[in-house]
Amino acid sequence: MKIGVLALQGDFDAHRRRLEELSAEVILVRKPEQLDEIDGLVIPGGESGTILKLLGDAGFAKLKDFVLSKPSFGTCAGCILLATDVENPKQAGLGALDMTVRRNAYGRQIDSSIREGKFLSDPIEMVFIRAPKIERLGLGVEVVATEGKDPVLVRSGKTMASTFHPELSDDPRIHQYFLDLVADGKKTGK
Ligand code: GLN
């Protein structure tokens with residue numbers, strides 16, 4: 001299985017390492033045509049506004065085609081990019097997940113923290129860094145992990161997004177969940 005990690009900006013290398021530990025073949029995606037070579041894509045954390053600028057219009061359009069048809073997993077800034085609606089401030093989203101996401105939703109004081117949440121009803125460590133909050137979920141978007149009452153990992157079909165950084169915890173479960181989703185899609189031809 002070939003998994004791409006969008007490598008324009010942000011902490012893409014931590015995703016690469018984790019995916020390779022789980023035996024995936026990883027391609028660092030820097031050019032739009034590399035999207036044609038991969039079975040699934042991780043969009044890392046970083047600054048979503050900067051990633052948008054670096055993508056440019058043509059990169060955005062090609063990435064949008066990809067995420068609307070193939071498995072994708074966005075973390076933090078990547079989660080923001082995958083949403084239909086983005087607030088604080090408003091910016092373009094790729095529209096792969098019908099949800100509203102508020103950027104930098106925790107304010108300056110608690111902008112970064114490590115908390116315990118629940119992933120598929122099991123406890124799991126979650127690293128939040130200037131995290132967004134998912135404020136609205138569309139029909140068909142299911143909550144896979146929560147922190148307190150907040151949805152922090154959601155999924156709709158082949159697309160998933162987390163407001164925290166699973167690549168920064170020493171726990172492979174969430175990346176494995178994504179790899180299983182990509183493998184299932186391959187099996188059923190979706
Ligand atoms: N605050 C960043 C943004 O709005 C996301 C932070 C992160 O990815 N750790 O894009």
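The first residue in the sequence is number 1, and the count goes up from there. Every number for a ligand or one of its atoms is a count from 1 in the order of the listing. Just so it is clear, the values below take in all heavy atoms, side chains as well, and ignore hydrogens, waters and symmetry mates.
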Salt-bridge present ([X], [Y]; N to O < 4.0 Å):
X: Asp13; Y: Arg16; answer: yes
X: Glu167; Y: Arg18; answer: no
X: Asp65; Y: Lys70; answer: no

For this session: Identify whether NZ of Lys or CZ of Arg in Arg115 sits under 6.0 Å from the centre of the six-membered ring of Tyr106 and within 45° of that ring's axis.
Result: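 Satisfied, under 6.0 Å and within 45°.
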Problem set entry | Atom-level proximity to ligand 1, residues with heavy atom under 4.0 Å |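 Its neighbours under 4.0 Å (heavy atoms only) are Gly45, Gly46, Glu47, Ser48, Cys76, Ala77, Ile80, Arg103, Asn104, Ile129, Arg130, His165, given by chain and number.
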Problem set entry | Exercise: do Thr50 and Gln9 side chains pair donor with acceptor under 3.5 Å |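 Distance-only check fails for Thr50 and Gln9.
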For this session: Please name the pair of heavy atoms, one in Pro151 and one in Val154, separated by the smallest distance, quoted to 0.1 Å.
Result: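 Minimum heavy-atom contact is CB-CG1, 4.1 Å.
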